Amino acid sequence: MAYSTKTDEKWQKIWEETGLYKFDPANVDKKLYCLEMFSYPSGANLHLGHWYNYALTDSWARLKRMQGFNVFHPQGFDSFGLPAENYAIKTGIHPKDSTYKNIETMEVQLKKMGATYDWDYEVITCDPEYYKWNQWIFLKLYEHGLAYRKKAPVNWCPSCKTVLANEQVIDGSCERCSSEVTKKDLTQWFYKITEYAQELLDCLPKLDWPEKTKKIQQNWIGRSEGAEIVFEGADGDFSFKVFTTRADTLYGVTYVVLAPENELVDRITTDEYKASVEQYRSFSKMQTEIERLSTTREKTGVFTGAYAINPVNGERVPIWIADYVLAGYGTGCVMAVPAHDERDYEFAQKYNLPIRRVIKGEEGIDDTLPFVEDGILIDSAEFSGIGSADSREGIVRKLNKQGRGEMKINFRLRDWLVSRQRYWGTPIPVIHCEHCGAVPVPEKDLPVELPYNVEFKPDGKSPLAKCEEFNNVSCPKCGKPAKRDPDTLDTFVCSSWYYLRYPDNKNSEQAFNTEWIDKLLPVDKYVGGAEHAAMHLLYARFFTKALRDMGYLHFDEPFLSLIHQGTILGPDGNRMSKSKGNTVSPDDYIKENGSDVFRMYLAFGFAYTEGGPWSDDGIKAISRFVGRVERLVAGAAELCSGSDAAAGNSSGDTACKSDTAMGSEEKELNYVRNLAIKGATEDTDRFQFNTSIARIMELVNALYKYESSGLKNKSLYLETVVDMLKLLAPFAPHLTEELWERLGKSYSIFNQSWPKWEKNALVRDEVEIVIQINGKIREKLMLPSGLDKAQTEETVMQDEKVRSLLEGMSVLKVIAVPGRLVNIVVK
RNA sequence: GCGGGAAUGGCGGAAUUGGCAGACGCGCUAGCUUCAGGUGCUAGAGCUCGCAAGGGUGUGCAGGUUCAAGUCCUGUUUCCCGCACCA
């Protein structure tokens with residue numbers, strides 16, 4: 001019977017019945033935590049991206065298992081979130097019902113893949129048993145000052161009717177529905193990720209992560225060294241700080257600018273300018289993110305009527321407001337130096353504000369204004385003639401003595417806004433009491449369960465606020481009537497710590513047992529999409545560090561080693577999408593070819609981290625290869641059947657009596673065998689699945705060749721077939737388990753040890769040495785291997801053919817690379 | 001605008017990190033088997049000149065370093081990704 005889905009079913013059943021992939025909690029010394037980013041249970045079956053991520057990481061996990069690791073490989077569902085809710089709004093089917101149904105479907109699908117998951121450790125984030133601990137972590141963060149409430153202009157998606165995190169705003173549009181995002185003032189919960197900005201940055205270098213991803217995080221955190229400088233108001237009792245990286249240009253300040261949202265604006269605006277300031281403020285609030293972010297847009301702003309004093313020279317400069325100054329960065333105030341900043345220059349030109357040069361370029365440098373490079377100071381009192389870098393320090397030192405300035409480091413990273421005005425999420429465990437304010441729900445009352453009967457059609461109000469029995473409670477502090485926080489937590493909160501819950505998913509007393517997860521964590525290999533570089537992966541790192549500082553765990557980073565799978569494109573080379581009609585559904589292929597053919601094509605057809613366009617021809621090629629392997633093993637099984645294998649001695653790896661001669665053909669087979677072992681081992685380990693399979697194909701080819709050449713050494717042949725099956729096992733688990741059985745071997749191939757390669761077998765008796773003359777290949781010679789540099793050179797230079805090639809030329813130099821080439825430089 | 005990555009046959013993709021470019025596979029060509037084949041097997045093949053032996057040329061483009069460059073350096077083009085008024 002040829003390989004098919006029947007084979008898949010047979011072994012999936014046996015694996016389950018025998019508990020083959022159960023994690024052994026007793027043997028944590030050899031633990032290896034292998035994790036893929038868990039999936040959102042969308043309506044449809046597993047798509048290609050899931051397969052690519054999960055099936056191939058599973059191949060890696062299988063390699064590790066055969067190498068003797070006790071692999072912890074859980075799976076679960078990130079099951080809160082907007083799609084279920086949007087689907088509910090469209091169809092009327094409750095998010096809970098659709099979600100659990102989808103989970104069921106996806107579990108079946110995942111099982112059909114034939115992965116090594118231990119489902120005992122499943123985590124489903126919309127289960128109260130899970131989100132209870134989401135709430136608990138909220139309380140802990142709150143206790144430690146890492147969760148707080150503030151009124152802030154937030155990103156608001158008018159279509160989803162919810163606020164969005166900065167990370168969910170893509171080019172000024174909502175990540176989900178692409179509507180233009182506007183600003184809204186709301187009181188929201190934040191997690192204080194900025195507290196960890198420096199550490200999040202500092203730990204990056206030692207992580208085994210793609211450099212690109214580290215770079216993205218580094219940019220996202222955006223550390224910037226500069227100074228905060230105090231400006232006093234000229235007429236009136238106020239002062240404010242500005243942040244600048246260019247304190248050296250302080251003498252060139254001709255005005256200062258506040259963000260329109262800045263609280264100071266109301267206080268300082270003079271009566272004469274009240275109207276225009278108010279008008280401008282409402283104008284800038286109306287701007288969508290897109291309009292505001294447009295770099296081609298002309299800068300706008302208005303004068304407040306107020307003046308400030310430049311602390312370094314006592315000059316009076318006007319205070320403006322303009323929305324090119326961001327409220328959320330630095331102090332929300334900027335000193336404007338139009339001569340040395342492009343934005344200020346543009347603004348000053350438009351509004352006729354003075355432009356004063358205080359930096360000139362070094363000899364020969366074009367320093368046309370705006371000149372934004374470092375240079376030499378001019379017209380800057382005692383700092384004139386000093387370089388930019390030195391005077392930055394000098395000026396701040398001078399101000400510091402007067403208490404008017406200090407060095408300061410700023411981060412681009414903002415605190416993480418976690419409140420969402422949506423239904424399908426973790427209720428925020430806070431009660432708002434008129435008398436006591438925001439009161440955290442006592443731990444013993446967790447979980448705050450998400451009620452089922454809720455009107456969740458979006459209208460800008462949180463759905464939970466409209467649910468009376470949920471909403472109305474008594475204050476835990478004073479007992480008087482109070483109201484629950486009507487918002488739910490961002491779903492990224494769920495995924496920020498699920499990897500901590502997996503190992504201890506049944507714990508009803510704690511989110512996780514510290515001692516236990518200290519043993520199982522950190523995750524040794526984490527695999528998932530690159531799109532999570534700035535959000536999920538940063539949040540998860542923050543959670544780990546925060547929980548560490550609270551004493552709940554004792555490691556610094558959650559994911560030691562990270563890999564991003566590439567994207568599989570449609571056959572036309574475009575991103576798959578329903579509207580383009582270029583989607584490929586795994587199901588049809590699985591049904592026709594079986595899981596293993598599909599898995600192997602995914603492994604072989606692409607560079608894993610690159611991805612690429614889908615090709616049906618590739619599937620056929622693998623299907624053919626599977627046929628070759630089956631026929632080969634069928635022949636091998638027949639060879640065995642007459643011998644001691646059939647006599648019941650089926651547990652060993654050697655079976656048949658035969659000639660044990662090692663002639664050149666045997667050596668060649670053995671060479672390819674060891675090359676394949678080495679290649680498949682090393683390449684699979686580093687997620688280079690395509691080349692691993694290429695080596696195995698070579699081995700299969702070599703086996704055929706040897707078989708057709710007379711098959712003198714049967715035991716070598718059979719041992720090699722056995723090794724080939726083991727090498728193939730991670731990629732084709734069902735097929736190889738079946739063929740393993742057919743060879744009469746004992747269950748299971750996955751309990752076998754991974755083959756090791758012999759160094760000696762990789763050394764051939766003779767090697768081909770390339771002879772170059774002046775860098776051009778002129779001749780190839782077979783030389784005994786193992787010659788050193790001098791011997792190689794000598795042998796080559798004495799060779800007949802080489803001598804005739806060199807006739808009439810004088811040799812200037814000979815470069816010999818043992819085992820590779822000899823380059824003869826001549827004239 | 002700033003930052004990062006990539007570019008290799010007709011195609012997917014390799015190349016011990018400076019040492020035979022094109023592994024493995026697809027597609028293609030020729031042959032064999034079966035012959036109804038869309039099955040199986042063997043061989044060929046970067047491009048180009050040549051009947052051939054053989055020569056030339058070749059990793060986006062232009063330079064450079066080196067005995068030797070897909071790989072290192074400089075400049076440049078195109079594409080992808082991230083950030084984007086962050087002071």
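Chain letters run A, B, ... following the sequence lines, proteins first, then strands; residues in each count from 1. Note that this is a predicted model, so its numbers are computed, not measured.
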Would you mind reading off the distance between [X] atom [atom1] and [N] atom [atom2], rounded to a whole angstrom?
{"X": "E707(A)", "N": "G40(B)", "atom1": "CD", "atom2": "C1'", "result": "14 Å"}
{"X": "K789(A)", "N": "G19(B)", "atom1": "NZ", "atom2": "P", "result": "15 Å"}
{"X": "R686(A)", "N": "U17(B)", "atom1": "CZ", "atom2": "P", "result": "9 Å"}
{"X": "D685(A)", "N": "U16(B)", "atom1": "CG", "atom2": "P", "result": "17 Å"}
{"X": "N823(A)", "N": "C20(B)", "atom1": "CG", "atom2": "C1'", "result": "12 Å"}
{"X": "F689(A)", "N": "C24(B)", "atom1": "CZ", "atom2": "P", "result": "21 Å"}
{"X": "I777(A)", "N": "G22(B)", "atom1": "CD1", "atom2": "P", "result": "9 Å"}
{"X": "D344(A)", "N": "A87(B)", "atom1": "CG", "atom2": "P", "result": "12 Å"}

Could you please name the option among [options] that lies closest to any side-chain atom of [X]?
{"X": "D617(A)", "options": "A23(B), C26(B), A15(B)", "value": "C26(B)"}
{"X": "R624(A)", "options": "G19(B), C41(B), G40(B)", "value": "G40(B)"}
{"X": "F243(A)", "options": "A87(B), G55(B), C24(B)", "value": "A87(B)"}
{"X": "D323(A)", "options": "C85(B), G82(B), U57(B)", "value": "C85(B)"}
{"X": "Y329(A)", "options": "C26(B), C20(B), A87(B)", "value": "A87(B)"}
{"X": "K780(A)", "options": "U57(B), C20(B), C24(B)", "value": "C20(B)"}

Please give the nucleotide sitting opposite [N] as a Watson-Crick or G-U wobble pair, both distances under 3.5 Å, or none.
{"N": "G22(B)", "answer": "none"}
{"N": "C85(B)", "answer": "none"}
{"N": "A43(B)", "answer": "U29(B)"}
{"N": "G70(B)", "answer": "none"}
{"N": "C61(B)", "answer": "G75(B)"}

Regarding [X] and [Y], does a basic nitrogen lie under 4.0 Å from an acidic carboxylate oxygen?
{"X": "E682(A)", "Y": "K678(A)", "answer": "yes"}
{"X": "D248(A)", "Y": "R246(A)", "answer": "yes"}
{"X": "K705(A)", "Y": "E665(A)", "answer": "no"}
{"X": "R392(A)", "Y": "D374(A)", "answer": "yes"}

* Looking at Y255(A) versus F347(A), is the centre-to-centre ring distance below 6.0 Å? ->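 They qualify: ring centres under 6.0 Å apart.
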* **Ring centres under 6.0 angstrom apart (F190(A), W416(A))** =>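 For F190(A) and W416(A), the ring centres are not under 6.0 Å apart.
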Have a look at [X] and say if it touches a base, only the backbone sugar-phosphate, or nothing, with a 4.0 Å heavy-atom cut-off.
{"X": "Q218(A)", "result": "nothing"}
{"X": "R628(A)", "result": "sugar-phosphate"}
{"X": "N701(A)", "result": "sugar-phosphate"}
{"X": "L821(A)", "result": "base"}
{"X": "K776(A)", "result": "sugar-phosphate"}
{"X": "V825(A)", "result": "sugar-phosphate"}

Taking OP1 and OP2 of [N], is either one under 4.0 Å from a side-chain nitrogen or oxygen of [X]?
{"X": "Y704(A)", "N": "C41(B)", "result": "no"}
{"X": "R412(A)", "N": "A87(B)", "result": "no"}
{"X": "K241(A)", "N": "A87(B)", "result": "no"}
{"X": "S224(A)", "N": "A87(B)", "result": "yes"}
{"X": "R820(A)", "N": "A68(B)", "result": "no"}

Taking atom [atom1] in both [N] and [M], what distance in whole Å separates the two?
{"N": "G5(B)", "M": "G60(B)", "atom1": "C1'", "value": "15 Å"}
{"N": "C61(B)", "M": "C67(B)", "atom1": "C1'", "value": "26 Å"}
{"N": "U34(B)", "M": "U39(B)", "atom1": "C1'", "value": "8 Å"}
{"N": "U29(B)", "M": "C81(B)", "atom1": "P", "value": "37 Å"}
{"N": "A69(B)", "M": "U48(B)", "atom1": "P", "value": "25 Å"}
{"N": "U77(B)", "M": "G27(B)", "atom1": "P", "value": "40 Å"}
{"N": "C80(B)", "M": "A30(B)", "atom1": "C1'", "value": "41 Å"}
{"N": "G4(B)", "M": "G13(B)", "atom1": "P", "value": "25 Å"}

* **For Y601(A), the option from Y52(A), Y589(A), F689(A), W614(A) that meets ring pair (Phe, Tyr, Trp, His ring centres under 6.0 Å)** => W614(A)
* To do: Could you classify G9(B) for me, syn or anti, using a glycosidic angle within 90° of 0 as syn?
  =>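 In terms of base orientation relative to the sugar, G9(B) is syn.
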* **R223(A) and Q218(A) side chains, donor-acceptor separation under 3.5 Å** =>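 No - no donor-acceptor pair under 3.5 Å links their side chains.
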* **Side chains of M724(A) and V700(A) in contact at under 4.5 Å (non-hydrogen atoms)** =>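 Contact flag for M724(A)/V700(A) side chains = yes.
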Please produce a list of atom pairs where a protein N or O lies less than 3.5 Å from an N or O of nucleotides 3-13 of chain B.
| residue | atom | partner | partner atom | Å |
| --- | --- | --- | --- | --- |
| G12(B) | O2' | G605(A) | O | 2.4 |
| G13(B) | OP1 | G611(A) | O | 2.9 |
| G13(B) | O3' | N690(A) | ND2 | 3.1 |

* Which heavy atom of S692(A) sits nearest a heavy atom of G679(A), and at what distance? ->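 Smallest interatomic distance, heavy atoms only, reads OG-O, 4.3 Å.
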* To do: Find which nucleotide of RNA chain B each of G775(A) and V770(A) is nearest to by heavy atoms, and output the residue with the more 5' nucleotide.
  =>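 The answer here is V770(A).
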* For RNA chain B, whose closest nucleotide is more 5', that of D683(A) or that of V817(A)? ->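 It is D683(A) whose nearest nucleotide is closer to the 5' end.
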* **Single hit among V396(A), L377(A), V358(A) for side chain to side chain contact (heavy atoms under 4.5 Å, CB included) with S391(A)** =>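 By the side chain to side chain contact (heavy atoms under 4.5 Å, CB included) criterion, S391(A) pairs with just one of V396(A), L377(A), V358(A): L377(A).
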